[in-house]
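Structure first, then comments.
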Amino acid sequence: MCGIVGIVGKSNVNQALYDALTVLQHRGQDAAGIVTCEHGRLFLRKDNGLVRDVFHQRHMQRLVGNMGIGHVRYPTAGSSSSAEAQPFYVNSPYGITLAHNGNLTNVERLSREIYESDLRHVNTTSDSEVLLNVFAHELAVRNKLQPTEEDVFAAVSQVHRRCVGGYASVAMVTGYGIVGFRDPHGIRPIVFGQRHTDQGVEYMIASESVALDVLGFTLIRDLAPGEAVYITEDGQLFTRQCAENPQYAPCIFEHVYLARPDSLMDGVSVYKARLRMGEKLAEKIQRERPEHDIDVVIPIPDTSRTSAVELANQLGVKFREGFVKNRYIGRTFIMPGQAARKKSVRQKLNAIDLEFRGKNVLLVDDSIVRGTTCKQIIQMAREAGAKKVYFCSAAPAVRYPNVYGIDMPSAHELIAHGRTTEEVAELIGADWLVYQDLEDLKEAVGGGKVKIDAFDCAVFDGQYVTGDVNEQYLDRIEQARNDAAKSTVERVSAIIDLHNN
Ligand SMILES: O=P(O)(O)OC[C@H]1O[C@H](OP(=O)(O)OP(=O)(O)O)[C@H](O)[C@@H]1O
Ligand SMILES: NC(=O)CC[C@H](N)C(=O)O
Ligand SMILES: [Mg+2]
């Protein structure tokens with residue numbers, strides 16, 4: 001779930017790209033990059049780190065040009081080496097750069113095709129570099145000196161035929177324009193909008209609408225699954241459905257955890273969806289234990305706050321902020337490596353004892369994935385003097401790996417994999433554990449004013465919408481990307497990098 005952005009403006013876009021990436025920082029904390037284009041030349045800066053660490057004034061001054069794209073990365077393939085930071089670049093045809101959110105599931109086959117038939121070279125283990133090469137090849141075979149929107153859309157159609165998985169992407173064709181495209185299931189989010197300036201209309205494509213809001217762009221709409229938007233350097237906008245059989249199945253986990261609550265995603269307010277999750281959870285608690293003895297509802301900051309407020313409201317129980325979050329520590333779930341994640345929870349959250357002492361507390365989190373957070377939090381609640389510690393998750397049990405752009409490749413690292421709710425409760429040390437029901441979660445997200453009836457819910461139900469994910473595939477990614485395997489990859493890739501910046 002990286003963050004992507006592209007802007008075609010009327011003056012330098014470097015600052016706007018930087019600001020947009022800052023707003024999308026919650027989608028990726030490992031690396032950041034911006035490439036801009038002026039008079040047919042590209043200016044690229046990318047490196048590991050947060051946006052504020054990667055771009056210094058000296059870089060910003062050199063990122064000139066009225067159009068550009070940017071990326072914040074949370075690795076789901078390859079390594080977290082700075083050589084795999086995005087945007088990626090290929091020089092032929094035209095010079096194309098690309099930023100990608102998602103994950104391809106047929107990357108092995110594509111890599112072979114790229115080498116054997118397309119005669120192209122991919123230098124990293126990143127699936128995004130593969131995606132870029134497929135797009136570049138398909139644009140190259142159109143054999144045009146000056147590509148038109150027809151050529152760009154034809155290349156995207158071919159990408160849809162060849163690539164499988166989740167991909168929301170922006171690609172810049174040097175000297176011509178920026179294209180945004182979304183996979184035929186619409187798994188990962190992407191929106192576009194516009195802003196009026198004295199020099200004319202500027203366009204922006206981004207992962208989440210919040211990036212548009214903050215920069216004064218108005219949302220035009222989400223890209224439909226399979227659809228592409230192309231904005232030429234001089235500001236003409238074209239859209240086209242490029243997939244043969246698009247099927248809406250956006251990732252429901254965006255609403256649970258990934259997205260900011262102030263974003264509108266596929267027409268649904270993430271904030272309202274989270275409120276409804278709290279409401280549904282309260283109904284379940286009332287069903288299961290009408291005579292419950294909960295004294296206070298306490299959220300685990302940050303993401304669960306919205307659901308927890310509504311849950312407390314519905315239960316008619318006091319809502320209290322019992323944990324204080326250190327605002328200088330990032331999101332722990334998207335950190336690479338279990339050791340860092342574990343250490344960060346304690347650094348990030350501290351309990352206010354008086355909210356716990358002698359009380360039966362209901363702790364609320366948006367989700368339990370590896371169980372890193374809840375185990376420590378429950379322990380902290382007990383140390384702070386809680387009488388009983390109940391725990392609820394606004395999402396159902398996460399039991400299956402994600403293969404579309406969230407780094408949960410290994411079933412065995414998921415605390416609920418192969419375990420019942422009671423077993424998980426025991427393992428995390430909760431006196432009672434309540435998970436949201438999947439039907440209620442779907443209703444919370446897709447049952448508001450805007451109806452969505454199909455989602456990618458693979459992490460909860462093991463159904464993979466692209467239809468190509470089987471046991472062998474899951475075994476392979478588990479071997480390649482479990483925590484232990486990743487640390488070997490990191491060591492090896494740290495030795496030699498090939499950079500294009
Ligand atoms: O079971 P786990 O493996 O610990 O993962 C789940 C936890 O991780 C996330 O928090 P995170 O700190 O990443 O972000 P937040 O501040 O947005 O809640 C999520 O909100 C849960 O609290
Ligand atoms: N989280 C993402 O969207 C990751 C994009 C890409 N698969 C990478 O690993 O860089
Ligand atoms: Mg959290």
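Since the model is a prediction, treat every value here as computed from it, not as a measurement. Atoms within each ligand, like the ligands themselves, are counted from 1 in listed order. Residue numbers run from 1 in the order of the sequence given.
Only the side chain of D365 comes within 4.0 Å of ligand 1, counting heavy atoms alone; its backbone N, CA, C and O stay farther away. Under 4.0 angstrom from ligand 1, the non-hydrogen atoms of T372 come from both its backbone and its side chain. Counting heavy atoms under 4.0 Å from ligand 1, residue H26 does not touch it at all.
At least one donor-acceptor pair closer than 3.5 Å links the side chain of R182 to the backbone N or O of L223. In this structure a side-chain-to-backbone donor-acceptor pair under 3.5 Å is missing from D266 to V268. In this structure, the side chain of R27 engages the main chain of C2 through a donor-acceptor pair within 3.5 Å.
Ion pairing between a basic and an acidic side chain is recognised when a charged N comes within 4.0 Å of a carboxylate O; E113 and R109 show such pairing. A salt bridge is absent between D440 and K284: the closest approach of a Lys/Arg side-chain nitrogen to an acidic carboxylate oxygen does not fall below 4.0 angstrom.
Of all protein heavy atoms, the one lying nearest to atom 10 (O) of ligand 2 is R73 NE, 2.5 Å. Scanning the protein for heavy atoms near atom 8 (O) of ligand 1, the closest one is F333 CB, 3.3 Å. Of all protein heavy atoms, the one lying nearest to atom 10 (O) of ligand 1 is Y257 CE1, 3.8 Å. From the protein, the heavy atom lying nearest to atom 7 (C) of ligand 1 is T373 OG1, 3.5 Å. In terms of protein heavy-atom proximity, atom 6 (C) of ligand 1 is closest to S367 O, 3.5 Å. Given atom 4 (C) of ligand 2, the protein heavy atom at minimum distance is C2 SG, 3.0 Å. The protein non-hydrogen atom at the shortest distance from atom 9 (O) of ligand 2 is T76 N, 2.9 Å. For atom 1 (N) of ligand 2, the closest heavy atom belonging to the protein is M1 N, 2.5 Å.
Q86 counts as a contact of ligand 2, since one of its heavy atoms falls under 4.0 Å from the ligand. In this structure, G371 is part of the shell of residues with a heavy atom less than 4.0 angstrom from ligand 1.
Side chains of Q29 and Q25: a donor-acceptor N/O pair is absent below 3.5 angstrom, by distance only. With 3.5 Å as the limit, one finds a donor-acceptor pair spanning the side chains of H412 and E478. A donor atom on one side chain and an acceptor atom on the other are not found under 3.5 Å apart for R274 and T303. Side-chain polar atoms of Y404 and D183 form no donor-acceptor pair below 3.5 angstrom. Between the side chains of N103 and T76, at least one donor N or O lies within less than 3.5 Å of an accepting N or O. Using modelled atom types, one finds no donor on one side chain facing an acceptor on the other under 3.5 Å when comparing T105 with Y464.
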Begin with the C-alpha distance, continue with both residues' side-chain angles, and end with the deciding distance and a verdict on ring-ring contact (aromatic ring centres under 6.0 Å, His included) for F323 and F356. CA-CA 10 Å; F323 292 104; F356 294 85; 5.2 Å; yes
Checking H26 against Y74 for the ring-ring contact (aromatic ring centres under 6.0 Å, His included) test, could you report, in this order, the C-alpha distance in whole Å, the side-chain angles of both residues, the deciding distance, and whether it holds? CA-CA 10 Å; H26 61 285; Y74 157 62; over 10 Å; no
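Polar contact check, H71 against ligand 2: no nitrogen or oxygen pair lies under 3.5 Å apart. Below 3.5 Å of separation, one finds no N or O of P75 facing any N or O of ligand 2. Distances between N or O atoms of G330 and those of ligand 1 include no value under 3.5 Å.
Within the listing of ligand 2, atoms 7 (N) sit less than 4.0 angstrom from a heavy atom of N103. Near R370, meaning under 4.0 Å from one of its heavy atoms, ligand 1 places the atoms 1 (O), 2 (P), 3 (O). Counting the atoms of ligand 2 from 1 in the order shown, those under 4.0 Å from a heavy atom of Y74 are 1 (N), 2 (C), 4 (C). Listed by number with element, the atoms of ligand 1 under 4.0 Å from a non-hydrogen atom of I368 are 1 (O). Here is the list of ligand 2 atoms found below 4.0 Å of a heavy atom in D127: 6 (C), 7 (N), 8 (C). Within the listing of ligand 2, atoms 5 (C) sit less than 4.0 angstrom from a heavy atom of H100.
Partner of S304 under the side-chain contact (heavy atoms from CB on, under 4.5 Å) criterion, chosen from V256, T373, D365: D365. For the side-chain contact (heavy atoms from CB on, under 4.5 Å) test with V469, the passing option among I477, L474, V164 is L474; the others fail.
When the options D366, I415, I329, T303 are ranked by their closest heavy atom to atom 15 (P) of ligand 1, first place goes to T303. Proximity annotation for atom 5 (C) of ligand 2: of G405, G102, S207, G102 comes nearest, heavy atoms only. Summarising the contacts of atom 11 (P) of ligand 1 with K325, R305, K348, R260, the nearest heavy atom is found in K348.
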